[in-house]
Amino acid sequence: MNCREDEWLWGWDPTPGIVSVWASADGHALLWRRDHATGKLSRELDTFVPWMLLDRLDDLRPESDPAITVRELSGPGSLRYLVSAPDLRALTTSILQNASKRLGRRVATLQDFGKQSVLSLPPDEQYLTATGRAYFRGLSFDHLRRMQFDLETTGLDAARDRIFLIAVRDPAGAVELLEAGELSDEAEARLIRRLVDRVSAADPDVIENHNLHGFDLPFLERRARLLRVPLPLGRIGGGLRQRAAQRGAQLEGGAAAPPRRRVRYIAPGRELIDTLDAVIRHDFSTRELPGHGLKEVARHLGIAGPDRVTIPGDRIYQVYLSDPGRVRSYAASDVEEVAGLAKLLGGAAFALASMAPRRYERLADAGAATGVIDPLLVRAYLRAGAALPAHQPSDGTPHSGAALHLFATGVAHRVVKADVASLYPSLMRAYRIGPARDHLGAMLALVDRLVEQRLAAKSAARSAPPHSPERHRQEAMSAAMKLVVNSAYGYLAAGGDLTRFADVHAANEVTRRGRETLALMCRELAGRGVTLLEADTDGVYFSAPEGWDESAERRAVAEVAALLPELVRLEFEGRYAAMLSHEPKNYALLGYDGVLTLRGVAFRSSRAEPFGEKFLRRAIALLLRGEVEGVREAYLETLDALRGHQLPTRDVASRVRLTKSPAKYLESQGTRKELPYEALIGAGRTQWSVGDRILVYRTRSGGAGLVEDDDRRDYDADHYVRVLRETFAARLERAFTAEDFEAVFADPDQPSLFAPAVESIRAVLTREPDTI
DNA sequence: TCGTTCCGGGG
DNA sequence: GTGTACGGAACGA
């Protein structure tokens, strides 16, 4: 760590082992540090001089308070006065008083000045920014003492429902199940006290769960408050504290309270980590997760055990009453999976905490632009002694986006995907596009450094033994760096005055270069004889001419790659036997290994009836293999199965989430009947909770059916036959001429004299008018 | 039908 | 003293 750019990225103070920081406005900072060799935790008190940045000195009276020091920073930025004082609160009060006098109106908080006039960070971030310290130096993820707990409750409403069981996994991996035994205030209070005891005894650095901030902590806090049980989950006294947050617990506060104030909880000395944040962040770049729920994600990532018990959320307490063993197993699996998930996906936040001057838990849920890049830039400017530019309102220039082209629809063969990895940051680097007001060039310097060091981390990960801590560390570092690099563009493009250095003109220049690059790729590929299918932002699908083998495909991509600027790297991303191109961003791919991938809402929708999804998968696989007769057979079989009621009711039902309470639905029932609620009422249910998910279908008698444990098979076959044709078979429309489509999906009950023979039908590819 | 708002997750 | 995801589904005239 010697050069200036490295200090911008990592800070400069080498203090190792920081696992938590708690600083206060009077200049005291408590540090908890873990020794990497012995694993021992130490607590130390440090001091710092609280500071803030101001754009003017009008409201300071240094002559009357000699403890206040002012340093003027260099350069053109308007936040140019670095003001320090031993006590932030006293300084703030004095500034506000003076400002109120000067302006002749009451100025209540620093925020009233507007962020163009003042920058005042929370004490922990002042401390980290000023000292150049950061979390976790010399530690790997496994050095952290991590504890997981998961509440099982009788429902979702903390005002009414109770906690009856808590699964706790200690840092050594032992799982313990705490149970209330009965539904009473005393039993529940005892249960909460036992949880607090376990946390104190294990003394973890980190507490983790899935949706910890959205469910477990707010529920626990509310129950503890109602039962008057103290909740000292942190390492210093007192209960939980709060911070404002975008996602988190909706604060209840009366009906007239300001809407949607959300908070997250803080337990000083520990870091409260929600694996849901890590999942969302991961899916943001991969876009491959089926959902963000713990069970789905654990299954998808191979963390779930084969004997994982699943119970629908609204049945957990009922099941507990009749078969407590199942719920114990369920809850134990939850904390095990959370521990696995936190390690698998949480490494990026861990790595970010060793760069940016913020607490680990803040970096785990922060958006990368305002949450990571901005703190890095603030620290860089202060380190350089340079004044910071203030936020600037938009000049009205609209933001222009990426390109999207659909060149052909229908079925194509020998499909190749080529794309530019990290297109936007590459363009920023290649053409030196950065924020106009960033006079230090810190943003581009950071992006350059991150890209270079990411390559190093990737190669270090590859050469480390699989599953080793070193491999995990390097992979996590690489993921973190990718996250920051890819959000650099988002930082530029952020609307309004959200980010300090936001610059629409620079952002538009990036997208313009992006469109230009994509167009060049498409033209050059087409010029080499391929058929373009679809191009989106940074990548293109094309179909290779008959007779090309993989090396010919690669050669074409490499030739085009050579025409692009240095740093903009076009890569051969994959090749597929066939593709069904339906609409922009909606397509199916059949790999040479036989694996079928469906993309886009047309092919995967959460509400889709299972029989239709199964038909669609089967029909598309056959279609892409050239077996049109098979497609017809699949269609006829599904028709027959529906008409003969051979399919279980579950297969025709849609999964819907309830958004109206019983009372609210009864209010509107007169004006509009809705299938899900009619199904509930028809099944004799008068109580349900908003958020419950149910399976509903349309019955033969035109009513609404609720799928429970039984299988009544009284669904309206004609209705589902129409659904089969109109919503599922219709997804194959582009694959055929209109006449052929009618023949393939003709109803045998309504024979047509002039239909072409299905065995002679071939799928087609149709050029769309889109040109470049 | 179209624009706008809400949601994702947790029991 | 938070952060501008994104794409579908539900809502409200």
Side-chain angles (χ1 to χ4, degrees), chain A residues 109-112 115 118-122 125 150-158 160-165 209-220 242-250 259-264 274-277 279-281 283-285 287 289 291-297 311-320 327 330-331 334 338 362 365-374 391 394 399 486-487 490-491 493-499 502 585-586 600-602 604-608 654 656-660 664 668 671-672 674 676 689-693:
Chain A
T109 68
L110 287 177
Q111 280 69 35
D112 294 346
K115 54 190 170 183
V118 57
L119 168 70
S120 171
L121 299 177
E125 294 178 16
D150 184 53
L151 308 183
E152 302 303 332
T153 67
T154 58
L156 291 170
D157 180 358
R160 179 190 73 200
D161 300 309
R162 289 185 189 275
I163 308 167
F164 67 89
L165 183 150
N209 196 20
H210 203 68
N211 206 15
L212 178 70
H213 286 282
F215 178 70
D216 297 81
L217 286 175
F219 199 103
L220 181 63
Q242 297 179 349
R243 62 179 231 251
Q246 174 84 346
R247 295 191 312 275
Q250 185 104 46
R260 81 165 101 273
R261 228 200 101 206
R262 286 175 183 273
V263 299
R264 288 187 176 224
D274 192 334
T275 48
L276 178 58
D277 295 320
V279 164
I280 290 170
R281 192 177 261 178
D283 198 35
F284 184 62
S285 61
R287 297 174 177 285
L289 293 177
H292 296 161
L294 175 63
K295 286 85 181 163
E296 281 176 296
V297 175
I311 308 172
D314 57 345
R315 303 274 303 280
I316 288 175
Y317 185 61
Q318 288 165 274
V319 172
Y320 181 70
V327 174
Y330 170 90
D334 274 7
V338 162
R362 283 289 291 114
D365 74 280
T370 47
V372 184
I373 294 182
D374 214 52
H391 289 72
S394 151
H399 173 234
N486 286 340
S487 64
Y491 184 104
D497 55 355
L498 187 68
T499 56
K585 298 187 182 195
N586 282 269
V601 275
R604 40 192 309 180
S605 156
S606 60
R607 284 200 64 159
S654 316
V656 299
R657 185 175 179 277
L658 302 178
T659 57
K660 292 179 181 171
K664 189 166 175 218
S668 66
T671 50
R672 197 170 56 180
E674 296 177 56
S689 303
V690 170
D692 281 357
R693 264 169 280 240

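Since we're looking at a predicted model, the values are computed, not measured. All chains are named by letter (A, B, ...) in the order of the sequence lines, taking the proteins before the strands, and each is independently numbered beginning at 1.
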Note to self: Once you apply a heavy-atom cut-off of 4.0 Å, does A:Asp334 come out as touching a base, just sugar-phosphate, or nothing?
What the structure shows: sugar-phosphate

Next item on the list: For DNA chain C, determine which residues of residues 365-373 of chain A have any heavy atom closer than 4.0 angstrom to one of its atoms, and list them numerically.
Entry: A:Asp365, A:Gly367, A:Thr370

Check: With a non-hydrogen cut-off below 4.0 angstrom, is A:Asp161 in contact with a base, only sugar-phosphate, or nothing?
Finding: nothing

Check: Rounded to whole angstrom units, what separation is found between the CG atom of A:Asn211 and the P atom of B:dG10?
Finding: 6 Å

Notebook entry, point to check: In Å and rounded to the nearest 0.5 Å, what is the CG to CZ distance from A:Asn486 to A:Phe284?
Noted result: 8.5 Å

Item checked: Whole-Å P distance, C:dG8 and B:dG9 -> 15 Å

Note to self: Once side chain to side chain donor-acceptor pair (under 3.5 Å) is applied, do any residues pair with A:Asn211, and if so which ones, sequence neighbours excluded?
What the structure shows: none

Notebook entry, point to check: Do the side-chain N and O atoms of A:His213 and A:Asp365 include a donor-acceptor pair separated by under 3.5 angstrom?
Noted result: no

Note to self: So that I can tick it off, tell me whether A:Asp334 and A:Lys295 are bridged by a salt bridge, with the cut-off set at under 4.0 angstrom between side-chain N and carboxylate O.
What the structure shows: yes

Check: Which value, in whole Å, describes the distance between the P atoms of nucleotides C:dA5 and B:dT5?
Finding: 15 Å

Note to self: Among C:dC6, C:dG3, B:dG11, which nucleotide has an atom closest to any side-chain atom of A:Lys115?
What the structure shows: C:dG3

Margin query: Just verifying a value: how many Å separate A:Thr154 OG1 and A:Arg160 CZ, rounded to the nearest 0.5 Å?
Written below: 7.5 Å

Next item on the list: Using a heavy-atom cut-off of under 4.0 Å over every strand shown, decide if A:Leu151 touches base, sugar-phosphate, or nothing.
Entry: sugar-phosphate

Checklist line | Length of the CG-P vector between A:Leu276 and B:dG11, whole Å | finding: 12 Å

Notebook entry, point to check: Considering only side-chain heavy atoms of A:Phe215, which listed nucleotide, B:dG10, B:dG9, C:dC6, is closest?
Noted result: B:dG10

Note to self: Tell me the interatomic distance from A:Asp274, atom CG, to B:dG9, atom P, rounded to whole angstroms.
What the structure shows: 12 Å

Notebook entry, point to check: What's the CG-C1' distance between A:Asp216 and B:dG10, to the nearest Å?
Noted result: 7 Å

Checklist line | Atom pair CZ (A:Phe219) and OG1 (A:Thr153), whose distance is rounded to the nearest 0.5 Å | finding: 4.0 Å

Item checked: Distance, rounded to the nearest Å, where A:Phe219 contributes CZ and B:dG11 contributes P -> 11 Å

Margin query: Which nucleotide wins on minimum distance to the side chain of A:Lys295, given the candidates B:dG9, C:dA5, B:dG11?
Written below: B:dG11

Check: Under 4.0 angstrom, heavy atoms only, what part of the nucleic acid is A:Ile280 near: base, sugar-phosphate, or nothing?
Finding: nothing

Note to self: Can you tell me if A:Arg362 touches the phosphate of C:dG1, counting only side-chain N or O atoms and a distance under 4.0 Å to OP1 or OP2?
What the structure shows: no

Note to self: Let me confirm one number: the CG-OH distance from A:Leu165 to A:Tyr320, rounded to the nearest 0.5 Å.
What the structure shows: 5.5 Å

Item checked: Rounded interatomic separation in angstrom, taking CZ from A:Arg264 and C1' from C:dT2 -> 10 Å

Check: Which whole-number value in Å describes the distance from A:Glu125 CD to C:dG1 C1'?
Finding: 11 Å

Item checked: Shortest side-chain distance from A:Tyr330, nucleotide among B:dG11, C:dC6, B:dG10 -> B:dG11

Next item on the list: Report yes if a side-chain nitrogen or oxygen of A:Lys585 is closer than 4.0 Å to either non-bridging phosphate oxygen (OP1 or OP2) of C:dC6; otherwise report no.
Entry: no

Item checked: A:Val327 vs A:Tyr317 side-chain heavy atoms within contact, under 4.5 Å -> no

Check: Out of B:dG11, C:dG3, B:dG9, which has the shortest distance to the side chain of A:Glu152?
Finding: B:dG11

Item checked: Atom-to-atom span, NE2 of A:His292 to P of C:dC6 - whole angstrom -> 13 Å

Next item on the list: Measure from the side-chain heavy atoms of A:Phe284 and tell me the nearest of B:dG11, C:dC6, B:dG9.
Entry: C:dC6

